[in-house]
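Below: one structure, written as structure tokens.
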Number of protein chains: 2
Amino acid sequence: MAVTMNDVARVAGVSLKTVSNVINNYEFIRPTTRQRVLDAIDQLGYETNLTARSLRSGKTSMLGLVLADLSVPYYAELASDIMKAAWARGYRVLVEQSGNEADHERAALQGQFRSLTDGLLFIPLTLDAQQIIDAAGKKPLVLLGEFVEDPRLDMVLIRNYEAAAAVTTHLLAGGRRRIAVLGADDGDTTGSGGLRLSGYKAALADAGVQYDPALVMRCEWRRDGGAEAVARLLDSGAEFDAVFGLNDALALGALHELLVRGKQVPEEVAVAGFDDIEEARFASPSLTTVAPGRAEIAERAVELLIERIESNMAVPKVRQLEAAFELRVRQSAP
Amino acid sequence: MAVTMNDVARVAGVSLKTVSNVINNYEFIRPTTRQRVLDAIDQLGYETNLTARSLRSGKTSMLGLVLADLSVPYYAELASDIMKAAWARGYRVLVEQSGNEADHERAALQGQFRSLTDGLLFIPLTLDAQQIIDAAGKKPLVLLGEFVEDPRLDMVLIRNYEAAAAVTTHLLAGGRRRIAVLGADDGDTTGSGGLRLSGYKAALADAGVQYDPALVMRCEWRRDGGAEAVARLLDSGAEFDAVFGLNDALALGALHELLVRGKQVPEEVAVAGFDDIEEARFASPSLTTVAPGRAEIAERAVELLIERIESNMAVPKVRQLEAAFELRVRQSAP
DNA sequence: CTGGTGGTATACATCGTTGCAGATCCGCGG
DNA sequence: CCGCGGATCTGCAACGATGTATACCACCAG
């Protein structure tokens, strides 16, 4: 059926192993021989069977990427960057959608999925560090710092706390004093939400502004969640002059709802987000947000994972990297 | 290193092949034997090596998906749907980003990528039908109807022409007469752009409205392309009372630029798009657009491809399906 | 008692490649 | 003229699973 190395070898008049050597750029091959093999490959249209190579070599040259859902812009943009970074290093990426469900996350960590990949990039959403460690196999694993922090795991972290503080400080500097927060619970201290909320609180404290739990709205991190949370807030009669969505989707949903309700943005209510997805720049008004260093995260996570895969050190030092963030001031909160 | 069937067989006191039979749910196995094998699997934590299975069986249970870039919301949302549809049928999806470059598209059609997949879902952007046929190997291939139509290829089509006509008709019904089009060249008749432009022209003709090539703006199908095209249009002094972006990104970019320039939407200029990405619902004003049947496209494309893969008919009849579209009237063009 | 039948389990070859361990060839120093 | 080392090439086994063919058993009909 398919053309194999054997066919190429026969046509080129060399051994199967020599064909393999040519393909793998083995050093000591006579140029004329190499050429004969290459010609035969061309003539027959031979292509390496990656499955066979993987079986024999034990490497698949694929990285797994586990995230909630590609239809969420932030994940899609991150996935795109990760795929480019991996591609540049000779790896492919196999994406698995966890749908934000613990069972799916666990299955992706163990499961057959692993046997297809050399290592895993994991954006944990429901599992905590201990659960991850329990569920994970022995293959290299790098967490993308959305959520979990633990000294036993490799990860590339977003500076959730500092970046959220920076956003809040910016809003305060604009004269806002009643800043609503969308996407957290009053008590949260862990996870992206908790860390960002803590940064918010710290910035308030620094500015001597009273923290009001009534302004903290719990909701799903989606556009409709943000819209719905703002609606609740408006209906409750609470006073506020700014909204901080803990991610851009929330902020954009909130922005939409505010405008629908006839609020002036930013005159009456300023709006800020977190993530700097592309959509933020083109919203009307454009959205002030903080860029968490997506490209850097993708690049460094891939680099770190591949380093783990290719170095065979038994117990290398755990590495935790932090990406630089940057405030993007736009119209919604000048 | 890893646990193999052999290890399981030894522990269970059966032959390797019996373990294989248990795993593959072979019918005639004594329940006690089956249980012993399952216990051994549990005890050892055995997991099938999918690579080995693929090599032996010749199937990878992976579908390839070639698209321009996951950071484009429409593709991301489509990819998400496709992955879910494939997952439900026991297949995984390996995504390849072509970056809208012919060489990458060709490479994905041939290339080693193919040897990892049982079939390919392909969203062609630069290659035409003949080039696709020339480049493609023998494995099943289904086109997602963004661009190419050809009786020799399986595909799931968007009703580009009819849907664009529907959008245009809606704008005309709203009293608009000078409808600018973003994302095509006056002469285009093929490809998504050409087909949508043709639908637009046909709707104008139906309504007895004069077609004006000066209102057709060529640009990249991205938000910034749309913004830039509208800027050019405004600067040119051309008169227009509506803008039809040939996809939502264009329309959203245009919407943004119009608002920045102080135009009232929809009072002075109506805006409509194409794709119905989630963002469209939450834009301000929300975007009138047409939903091309994304979920249906994903579902049927996956179904068709898997049918091709699993049926061994040598020359099955080419199948071309069309997805139903639906106009979504929102604030930007009521 | 024999042969057939259907359930159950096994042996062996095989998928296409790469790792390992030679085999062969050649030129050159002693 | 031998022997040695480096360049060049080769054969065999193995990666871990599955397909095919077959062995074996129990049981029932003839």
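Side chains included, hydrogens not; waters and symmetry mates left out as well; all remaining heavy atoms used. Just so it is clear: chains get the letters A, B, ... in the order the sequence lines come, proteins before strands, and each one is counted from 1.
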Sequence neighbours left out, what passes side-chain hydrogen bond (donor to acceptor under 3.5 Å, both in side chains) with [X]? Give chain and number order.
{"X": "B/R114", "value": "none"}
{"X": "A/D118", "value": "A/T60"}
{"X": "B/T48", "value": "A/Q112"}
{"X": "A/R34", "value": "none"}

### Task
Answer yes or no: is there an ion pair linking B/D69 with B/R222, defined by an N-O contact shorter than 4.0 Å?
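Judged by the 4.0 Å cut-off on N to carboxylate O distance, B/D69 and B/R222 do not form a salt bridge.
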### Message
Please confirm whether the shortest side-chain N or O distance from B/Y46 to OP1 or OP2 of D/dA17 is below 4.0 Å.
### Response
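Looking at the OP1 and OP2 atoms of D/dA17, one of them is under 4.0 Å from a side-chain N or O of B/Y46.
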### Query
What are the residues of residues 29-43 of chain A, sorted by number, that bring a heavy atom to within less than 4.0 Å of DNA chain C?
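Nothing qualifies; none.
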Could you run down the sub-3.5 Å N/O contacts of the protein with nucleotides 4-7 of chain D?
none

### Task
Quick one, give me the B/S/- string for nucleotides 10-15 of chain C, reading 5' to 3', where B means a protein heavy atom under 4.0 Å from the base and S means that only happens at the primed atoms, P, OP1 or OP2.
BB-BBB
Tell me, please, which residues at least two apart from [X] pass side chain to side chain contact (heavy atoms under 4.5 Å, CB included).
{"X": "A/N21", "answer": "A/K17, A/Y26, A/I29"}
{"X": "B/R319", "answer": "B/D154, B/L304, B/E307, B/R308, B/L321"}
{"X": "B/A295", "answer": "B/D81"}

### Message
If I take atom NZ in residue B/K59 and atom C1' in nucleotide D/dA17, what distance separates them, rounded to the nearest angstrom?
### Response
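Between C1' of D/dA17 and NZ of B/K59: 16 Å.
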### Gap between atoms CZ and C1', on A/R53 and D/dG16 respectively (whole Å)
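These atoms are roughly 18 Å apart.
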Donor-acceptor contacts under 3.5 Å from residues 37-44 of chain A side chains, at least two apart:
{"from": "A/D39", "atom 1": "OD1", "to": "A/Q35", "atom 2": "NE2", "distance (Å)": "3.1"}

### Query
So what is the end-to-end bend of the helix from C/dC1-D/dG30 to C/dG30-D/dC1, with 5 pairs used at each end and the value given to 10 degrees?
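Between the axes fitted at each end of the helix from C/dC1-D/dG30 to C/dG30-D/dC1 lies an angle of 70°.
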